[in-house]
Number of protein chains: 2
Amino acid sequence: MIHSSMIKKNLDTSILLSIYETSVLLLKQNIAFVSKRGLTNQQWVILIHLAKDPNLPYFIRETHHKPIMANELADSLGVTRANVTNLIKTLLQKKLVLQIEDKEDRRKKRLKLTKKGEKLVQEIQPERISSNASMLKGLSKKEKQEFLSYLQRCSNNIMDMKS
Amino acid sequence: MIHSSMIKKNLDTSILLSIYETSVLLLKQNIAFVSKRGLTNQQWVILIHLAKDPNLPYFIRETHHKPIMANELADSLGVTRANVTNLIKTLLQKKLVLQIEDKEDRRKKRLKLTKKGEKLVQEIQPERISSNASMLKGLSKKEKQEFLSYLQRCSNNIMDMKS
DNA sequence: AAAAACAGTTAATAATATTAACTATTTTAA
DNA sequence: TTAAAATAGTTAATATTATTAACTGTTTTT
């Protein structure tokens, strides 16, 4: 007998701890990546929402026609509206984002990228794509499709648990 | 034409954004779960390290024989040693953890669960396992094994990029 | 028309983590 | 074999990131 632990090997647990670890590594890499452009991770995530990045789970789940608003960002990021207000405040100061009042519902403020914001996102794209590719190198297209499917099924399961 | 985005569909990007989203959901669920026992997520993660949970990527990667120390925890959690010192301070106050000076190297302090800590981990285990199972329901054993393999390959890729 | 719900904001504060400077000990190498 | 460098841990000050609760203005419900 090599070693005995209080806790047994369990495939589910191994997967979930691995998702958590991968995400920690991913986040660190991403913070290093966007901080070179003076952004925090959360600010960057808001920018790609405004750029309607079709790879975002929030947009994969359902199509959005009108420009996104702070409320929806809070929902997609899993944080409070007050927090999003502050994140947007910074992006407004940086002139990366525009706030447009919704004529039909004057409580709402639609958010859009400025030209400067669009330019920034476009500039970052090539390096982003190549960085993402190297994080998944060695996986075939079929494996990647399966990987995405497993992640989505897991997300859906967790979202269903909240009820 | 339905809609055009600045950003194109890209399988790699979809996967990485999905990992990030799944992890946010997972973390929220876990915080709710452990806060019922008066723990933060980080405190809980330290406890399962001390319980030598064989599902932790840190232990899957390499076997550890001696009790873990703060330094190694900082490495596994991806945070600073100073942060771990504070986390352990709280766990010491709660009498969940013991600090034992290493006789061979007096700089080092080995960490162990107290009886109370062991009991807590054991008590949480059944609910933890059933919660984890429901997060991965609908996936076959083969799919789960593939899922874990993809996550590990992705983690390894990201760790290799740091050089 | 009144009450409730919704979107956003603000101010105060909680939580979580980092940096930099320090002690003590061990390892390296000149 | 000492002097310098590296390692483990801690502390204090502070940065960061986010939350809660109370508020305004607008729209929807009853």
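All chains are named by letter (A, B, ...) in the order of the sequence lines, taking the proteins before the strands, and each is independently numbered beginning at 1.
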Sequence neighbours excluded, the answer for side-chain contact (heavy atoms from CB on, under 4.5 Å) partners of B:Arg81 is B:Asn71, B:Ala74
Whether A:Glu72 and A:Lys66 form a salt bridge (side-chain N of Lys/Arg under 4.0 Å from carboxylate O of Asp/Glu) is what I want to check. no
Length of the line joining B:Leu77:CG and C:dT18:P, which is rounded to integer Å: 10 Å
For residues 10-20 of chain A, the side-chain hydrogen bond (donor to acceptor under 3.5 Å, both in side chains) pairs (sequence neighbours left out) are A:Asn10-A:Thr13, A:Asp12-B:Lys144, A:Thr13-B:Asn132, A:Ser14-B:Asn55, A:Tyr20-B:Asn41, A:Tyr20-B:Gln42
Using the test side-chain contact (heavy atoms from CB on, under 4.5 Å), find all partners of A:Ser140 that sit at least two apart in sequence or belong to another chain. A:Lys142, A:Glu143
Results of side-chain contact (heavy atoms from CB on, under 4.5 Å) for A:Ser149 - residues two or more places apart only: A:Arg153
Could I get the full list of side chain to side chain donor-acceptor pair (under 3.5 Å) partners for A:Glu62, not counting sequence neighbours? none
How many Å lie between CD1 on A:Ile88 and P on D:dA18, as a whole number? 13 Å
Identify the pairs formed between an N or O of the protein and an N or O of nucleotides 6-8 of chain D at a distance under 3.5 Å, and give each distance.
residue, atom, partner, partner atom, Å
D:dT7, O4', B:Arg107, NH1, 3.4
D:dT7, O2, B:Arg107, NH1, 3.1
D:dA8, OP1, B:Asn71, ND2, 3.3
D:dA8, OP2, B:Asn71, ND2, 2.5
D:dA8, O5', B:Asn71, ND2, 3.4
D:dA8, N7, B:Arg81, NH1, 3.2

Mind listing the side-chain donor-acceptor pairs of residues 87-101 of chain B below 3.5 Å, one per line with the distance, residues two or more places apart or on another chain?
residue, atom, partner, partner atom, Å
B:Thr90, OG1, B:Asn86, O, 3.1
B:Lys94, NZ, B:Gly38, O, 2.4

Could you list, one pair per line, each protein nitrogen or oxygen that sits under 3.5 Å from a nitrogen or oxygen of nucleotides 15-17 of chain C, together with the distance?
residue, atom, partner, partner atom, Å
C:dA17, OP1, B:Gln42, NE2, 3.1
C:dA17, O5', B:Asn83, ND2, 3.2

The salt bridge (Lys or Arg N to Asp or Glu O under 4.0 Å) partners of A:Arg106 (sequence neighbours excluded) come to none
Look at all strands and tell whether B:Glu72 reaches a base, only sugar-phosphate, or nothing, counting heavy atoms closer than 4.0 Å. nothing
Give a yes/no answer on whether the side chain of A:Gln99 brings an N or O atom under 4.0 Å of OP1 or OP2 in C:dT9. yes
Distance-only donor-acceptor pairs under 3.5 Å for side chains of residues 120-129 of chain A, two or more places apart:
residue, atom, partner, partner atom, Å
A:Gln125, OE1, A:Arg128, NH1, 2.9
A:Glu127, OE1, A:Arg37, NH2, 2.8
A:Glu127, OE2, A:Lys36, NZ, 3.3
A:Arg128, NH1, A:Asp53, OD2, 2.9
A:Arg128, NH2, A:Asp53, OD2, 2.9

Under the side-chain contact (heavy atoms from CB on, under 4.5 Å) rule, collect the residues that match up with A:Lys115, sequence neighbours excluded. A:Glu118
Could you tell me how far apart A:Glu101 (CD) and C:dA7 (P) are, to the nearest whole angstrom? 15 Å
Report the end-to-end axis angle of the helix from C:dA1-D:dT30 to C:dA30-D:dT1; each axis comes from five terminal pairs, and the value is rounded to 10°. 30°
